[in-house]
Amino acid sequence: MVPPTIGRDMTFIPTAPDLLDGLNPQQRQAVDYRGPSLLILAGAGSGKTSVLTRRIASLLQNQDAWPSQILAITFTNKAAAEMRDRVEGLIGQAAEGMWISTFHSACVRILRREAENFGFTKNFTIYDSADSRALIKRIIKELDADAFGFTVSSVASKISRLKNELNDVESYARNANFNDPAERVFAEIFRTYTRELQRANAFDFDDLIGQTVYLFRAFPQVAAVYQRRFRHILVDEYQDTNHAQYSLIRELTRPVEAHVAAELEAGEGYRSSQRDATGGIPGASLTVVGDSDQSIYAFRGADIRNIVEFERDFPNSTVILLEQNYRSTQNILSAANAVIANNFDRKEKNLFTTVGDGEKIVGFTGYSQHDEAQFIADEIGVLHEGGMDYKDMAVFYRTNAQTRALEEIFIRSAIPYRVLGGTKFYERAEIKDVMAYLTAVANPADPLALRRIMNVPKRGIGPATEAALQNHADKNEQMLRDSLRQVDELGLGPKVTAAIQGLAATLDQATLVVETAKVADILEGLLKQTGFVDALRASRDPQDEARAENVEELLAQTKEFGTRNPEGTLLDFLTEVSLVAAADDLDDSSGTVSLMTLHTAKGLEYDAVFLAGVEEGLLPHQMSAGEPGGPAEERRLFYVGITRARQRLYLSLAMTRAQFGDVNVAMPSRYLQEIPTELIDWRQSPGMANSRGGTQPRAINARRGELGSSGSGLSSGGSGYGFSTGPSATALARAAKNAENKTQWANRVTSTVRDNGDLKLAVGDRIRHDDFGEGRVSSVTDNGAKSIAEVQFDTAGRKRLLVKISPIEKL
DNA sequence: CCGTGCAAAAAACTT
DNA sequence: TTTTGCACGG
């Protein structure tokens, strides 16, 4: 098909794909709407991505907008890339020139262009949370602020909260009570932090949004450039915007006043005027999409009022409700509806589908988190044998710490998996070191980066030398980097002096070519001259070999970046790395099961979803109990998890959970009983737990009192939603005790790992497994260290095992 | 300045 | 259970 083109002198308009094809009436209305502001309330799985992409395509196809006039904000870079692809798929190459990106990426792009306006330069560094914390740590130490009870994390979150509300030091100081010494000290910390960022030519994550808003408000003529340019602004996941992001949208959709517009268009080369009869430029058209039931980022400052009060904020707006779900079976939707209905103060909304009930939801209670993990692994095996691809299955959990048990069992069961987020590649110390080199090269004003690498690899520069250099810099009111160059003035030892001069020369040399050279070449030069990798390889620490490999991997990534972006500079690379989201490294073609937190799961969908750890204390999480609106937000999180599933949903929990090294009793989550009994098929219910091996079925959804609850010390959070806690709580308490000295339970699964060397198994062999007992090998795939045996156990059923590390012995 | 060893603290979610 | 901080001797 010939891609349609947009242009005035076209003689041939190819038949465009019908953009409204297959859409329901509400969806069509959303695509077709033209006007100042549109709110699409899109329930989970209601096809909002489809609507958004078609809406953009429609704007372009009808020539209501040029690509360059469109700004679409998504939640992750992956979502942005997908949206771009889909728009291009619909209307062809004309999609080039659109801005489709996250809030943060869009702001960086604007700030890099405009930084010179307010005391920064375009090569500013982006401080990630760890960088901010490192800086805050130094400041707290310097000001002796820990005496006032300030910790790094308390200061970091307070500053973040203030910035998300667009408060700066001055506005904080205006409202602070200076009779309170703690507030005075905090103001001092905040002031120092702000000054240090400015000096370092750096922005933290929150600044990226906040400073862009400040820029627009302080410089109307700068704002006007973007207000004039973007005629159509579309924001996805609007329920998770915070005040700063909301303000950014407000600024971008503000009309340009006549005199500013006149001045602007008198400037360089604007082909056609956007000014209306009054001489001003009307505000851009705004489309926002969201679902208040999926608001899960309050902790990051997200304000649900942004979406709830949209109609008041933007008068004359149109609201469209999308309720038909195209993703999940009715059973899954009924569960989701039932759960979310317990949140009061929400707009009534009921998802429905026409695909039918589907399978029941499966529930499972394990004795331990390993037992739970084993259940998940087994079910994944069954689904896979039934023809489902690993990539269409996912396991969600509340906290990253839960991955350990899952990983241990998955490895043992030879299930290919991938963990999204968690300890990310770029958070490893050696990678941060190398990135600090690149940052120091790109932004010579950044002392944080420089300090990090000054003695990595070891070159005999200790705290004393560093302090001397810093003093020299302060005295001469210059950058730390300049002092490095002038180290001979300091009268340090010859060895140290030479080492510092060497480092200075290496960095300066790289900085010279920072605009032109390829990232990979810069990095290769740095690594070679500093002997970074060699130092790691020479080390006696066995982990350093892996670290060296990680650095090589990073080098490979810079090369890959170079092929992907032939024009890409070091600055582009650093920006991209700073702004990757957890869901961004999701690879659809990986052929692995995906493991991620419930937060990361937002916006994704899978044929089969496993929700692990549905327990009090975990979901809802302990720490949410004290927060206003905490339990309601946790319920939304549960709701988000449920609604990711297309065909199959598994809810699992464990009776005991190990954390902080010791074992705790875990109670079933209060949210479980909000799901109608008939929707769940409990393979092993929480009520069955007792020390005799568990054969007493007990309805999990039994209403409080029906089974005669006796208030034991182990209530389920005191919410009034508790389960009948009498007998099962006793059993659970006993279970906890027993878990320590591994008792007589059948099917208990531990985390035992063993190195079996090159144990070889053949079909027909009898083996004994520490957890599953005896069994017969029914098939083996011989792959050396990766050999997988399928074993029919006498009592525990059929399992796939990775031979090398499973706790087995041949009989 | 460097490496070792022991004590102490810490573990929600994320751009 | 794992990571980080501090004191010590070389």
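Letters A, B, ... mirror the listed sequences (proteins, then strands); counts begin at 1. Note that the structure is a prediction, hence the values are computed from the model and not measured.
- In this structure, A:Glu237 places its CD atom 13 Å from P of B:dT15, rounding to the nearest Å.
- In this structure, A:Asn455 reaches the sugar-phosphate backbone alone: every heavy-atom distance under 4.0 Å involves primed, P, OP1 or OP2 atoms, never a base.
- In this structure, A:Asn400 reaches the B:dT14 phosphate: one of its side-chain N or O atoms is under 4.0 Å from OP1 or OP2.
- Within the nucleic acid shown, A:Lys137 comes within 4.0 Å of sugar-phosphate atoms alone, with no base atom in reach, counting heavy atoms only.
- Nucleic acid contact class of A:Tyr297 (heavy atoms, under 4.0 Å, all strands): sugar-phosphate only.
- Residues passing the ring-ring contact (aromatic ring centres under 6.0 Å, His included) test with A:Phe203 are A:Phe120, A:Phe124, sequence neighbours excluded.
- With a 6.0 Å radius and a threshold of 12 heavy atoms from other residues, nucleotides or ligands, A:Arg537 has its CZ atom above the threshold.
- By the stacking rule of 5.5 Å between ring centres and under 30° between planes, A:Phe299 stacks on the base of B:dC13.
- Listed pair A:Ser624 / B:dA12 fails the phosphate criterion, with no side-chain N or O lying under 4.0 Å from OP1 or OP2.
- When the C1' atom is compared between C:dG5 and B:dA12, the two are found 24 Å apart, to the nearest whole Å.
- Going from atom NE2 of A:His599 over to atom C1' of B:dT14 covers 8 Å, rounded to whole Å.
- In this structure, A:Leu420 places its CG atom 14 Å from P of B:dC13, rounding to the nearest Å.
- Aromatic rings from A:Phe216 and A:Tyr214 are positioned such that their centres are separated by 6.0 Å or more.
- Taking only side-chain nitrogens and oxygens, A:Thr600 comes nearer than 4.0 Å to OP1 or OP2 of B:dT14.
- Distance, A:Tyr426 OH to B:dT15 P: 14 Å, rounded to whole Å.
- Residue-level contact check: A:Thr465 touches the backbone only, with heavy atoms under 4.0 Å from sugar-phosphate atoms and none from bases.
- Ring centers of A:Tyr193 and A:Tyr127: at least 6.0 Å apart, outside the cut-off.
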